[in-house]
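Notes follow once the structure below has been shown.
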Amino acid sequence: MARTRIKHLLDGSVAVGTDVVVHGWVRSRRDSKAGLSFVQVYDGSCFDPIQVVAPGALANYADEVQRLTTGCSVVCRGELVASQGKGQSVEVKATEIEVLGWVAEPDTYPVQPKRHTMEFLRENAHLRPRTNTFGAVARVRNCLSQATHRFFHERGFYWVPTPIITASDCEGAGEMFRVSTLDMVNLPRNEAGGIDYDKDFFGREAFLTVSGQLSVETHCCALGDVYTFGPTFRAENSNTTRHLSEFWMIEPEIAFADLNDDADLAEDYLRYLFQAVLNEHGDDMDFFDAHVQPGVRARLESFCESSFERMTYTEAVAALEKAEAKFEFPVSWGMDLQSEHERWLTETHAKRPVVVMNYPKDIKAFYMRMNDDGKTVAAMDVLAPGIGEIIGGSQREERLEVLDARLAEMGLEPEPYWWYRDLRKYGTVPHAGFGLGFERALMYATGISNIRDAIPFPRAPRSADF
RNA sequence: UCCUCGGUAGCUCAAUGGUAGAGCAUUCGGCUGUUAACCGAAGGGUUGUAGGUUCGAGCCCUACCCGAGGAGCCA
């Protein structure tokens, strides 16, 4: 008989009275004096386990069923029946329970039917998907991935895989991990005494990408609306709850568009993402709301209903200067906004997501489009309550002479950017885009407070286990 | 990288410088279909590592390792 997913047993799509086979793992077992046991079995298909009632008459009742502990894998055959007890409407009355895998040394099995600290589970990354919390995070993560592709597909965007290994040294978004096959204890030298990268695998220096943006612009300027969705790497020594060395980023790029179009897209996209979670994972959201971050469901719902507050950087600075709140870092026009300022803007001032636009040119990247005032560029950050910056984007500088002036102003050589400049040289168009940190979106959706718990195998400074 | 706090049983935590304990988990026994069941008993420890002070260190001192929160950088 075919395997039945527990999700379908619980959602009413399997009729009471049907013979079913449940494959899964034991969450807990409770014995009754009446000579029967209640085994909670989960299979990952949904948040809730199903209760399997094991009568004492089962052939292996005493020597196997009564020895089941958390984590054992089982195949349960029986009939789906209405439950006699409270707490569940249906249960499986077992006619056979086959044990596929015992838990060796159950007294030291790390996953117990109790609350664990996130730090402990992080050190058991191979077992943590078995817990309620990480099972739910994994399901919601998948939902956000699927919703991302669906959103862009429905709007006619093309998914462009930009390279993970890049020989381009002009991405400029942060410290990079080197990719090399050179023997580190016996490096080849060139005539000047430096390392001879001509002998390296690619015949030149290579790194892991810090952003797919510059690459994806090539396709934007040919296909119109495109996006990347893939892993990104930063070798920065950041030890925070919001940074990873390896994380996933979504970077849409839209042609014939300006900064307002970009902000509109960011708003539509985020709302689509979180609405998908609310629609598809109500059970997991119930859990997050009850045990991870009270109020997270209401936060998502209001996010989906309210529009974003939009303000210019200049207006944001003015609001901060008038604020009664005490800031560690004083505010003045021209400085970059600190975490405390961003938090105040979105949590205290607007009480909803905020898009801050048109930052001073001196604190932003060379490729952002110069505004007519000559002082600001068409950049935007989306700030979300409780999480801070979730999106950073800009309209790109499409005028070659302005781009070249900006490169020179920032002391950058134009030569490495030859192909990027070509996009402006041949049929240039206004275009814009943004980057969304996928794990940060997942944190916002679930209420998970440390980004290392929003990715199955976190990489961070001095931390690459599993 | 900087600041602050922490590391004791499988897990979560106690323990005036003086005999290392509890709850959960595990094992065993009990309990009228139980809901993170309940009641009773048992096993379980090189107190992060290395030094030092002391009659005596989980506790005090030094160095290091690991973890958490915050800051910077950013997504």
Side-chain angles (χ1 to χ4, degrees), chain A residues 27-40 48-56 66-67 69-71 81-88 91 93 103-124 127 131-132 172-175 210-213 231-251 266 291 328-329 336-340 342-343 363-365 381-384 387-393 434-444 449-455 460-463 465:
Chain A
R27 175 137 285 147
S28 69
R29 186 198 87 233
R30 293 182 294 273
D31 299 328
S32 164
K33 194 234 177 176
L36 70 163
S37 295
F38 301 93
V39 185
Q40 298 288 340
D48 287 316
I50 186 132
Q51 173 159 285
V52 175
V53 182
Q66 286 198 299
R67 286 175 47 226
T69 55
T70 302
V81 299
S83 179
Q84 295 175 32
K86 294 169 186 162
Q88 61 281 318
E91 62 194 20
K93 190 177 174 185
V103 167
E105 301 163 47
D107 52 331
T108 56
Y109 179 54
V111 182
Q112 296 168 5
K114 60 170 286 191
R115 219 184 161 98
H116 293 97
T117 60
M118 299 299 263
E119 300 85 69
F120 172 71
L121 293 171
R122 216 168 286 148
E123 289 164 7
N124 291 275
L127 301 175
T131 63
N132 282 334
E175 292 294 311
V210 294
S211 165
Q213 181 204 313
T232 309
F233 307 86
R234 302 275 166 93
E236 248 122 41
N237 190 13
S238 324
N239 295 288
T240 79
T241 53
R242 324 182 282 292
H243 291 86
L244 289 166
S245 306
E246 176 181 318
F247 63 99
W248 285 60
M249 193 150 63
I250 292 145
E251 296 172 288
H291 297 290
E328 187 185 345
F329 296 90
D336 210 353
L337 299 180
Q338 306 292 315
S339 296
E340 57 175 345
E342 296 182 342
R343 224 176 295 127
I363 57 171
K364 289 293 180 182
D381 283 350
V382 179
L383 313 177
I387 202 127
E389 185 182 339
I390 192 169
I391 278 179
F434 63 79
L436 168 79
F438 187 62
E439 283 77 15
R440 289 189 182 174
L442 184 56
M443 289 170 77
Y444 191 80
S449 59
N450 190 319
I451 200 167
R452 298 182 189 198
D453 302 320
I455 190 167
R462 307 200 60 77
S463 175
D465 300 327

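We name chains A, B, ... by the order of the sequence lines, and we start the count at 1 in each one.
B/U47 and B/G6 are spaced 14 Å apart, taking the C1' atom of each and rounding to whole Å. Look at the C1' atom in both B/C24 and B/U62: the space between them is 38 Å, to the nearest Å. B/C3 sits 16 Å from B/G72 when the P atoms are compared, rounded to a whole Å. Using atom C1' as the reference point in both B/U12 and B/A36, the two lie 14 Å apart (nearest Å). As rounded to the nearest Å, B/G70 and B/C55 have C1' atoms that lie 44 Å from one another. Of the C1' atoms belonging to B/U35 and B/G67, the separation is 35 Å, rounded to the nearest Å. Here the separation of B/C59 from B/G7, taken at their C1' atoms, is 14 Å to the nearest Å.
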Can you name the atoms? Protein N/O to nucleotides 21-27 of chain B N/O, anything below 3.5 Å, with the distance.
residue	atom	partner	partner atom	Å
B/G23	N2	A/K114	NZ	3.3

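The distance between atom CG of A/D31 and atom P of B/C39, rounded to the nearest whole Å, is 16 Å.
Looking at A/S238, its side chain has no donor and acceptor atom pair within 3.5 Å of the base of B/C74.
RNA chain B contains the following stems of three or more consecutive Watson-Crick or G-U pairs, with both distances under 3.5 Å: B:1-7 with B:65-71, B:10-13 with B:21-24, B:26-30 with B:38-42, B:48-52 with B:60-64.
In the set B/C73, B/C11, B/G67, the nucleotide with an atom closest to the side chain of A/H116 is B/C11. Considering only side-chain atoms of A/N450, the nucleotide from B/G69, B/C66, B/U35 that sits closest is B/G69. With distances taken from any side-chain atom of A/E342 to the nucleotides B/U12, B/U34, B/C74, the minimum falls on B/C74. Comparing atom distances between the A/Q40 side chain and each of B/A68, B/U35, B/C73 picks out B/U35 as nearest.
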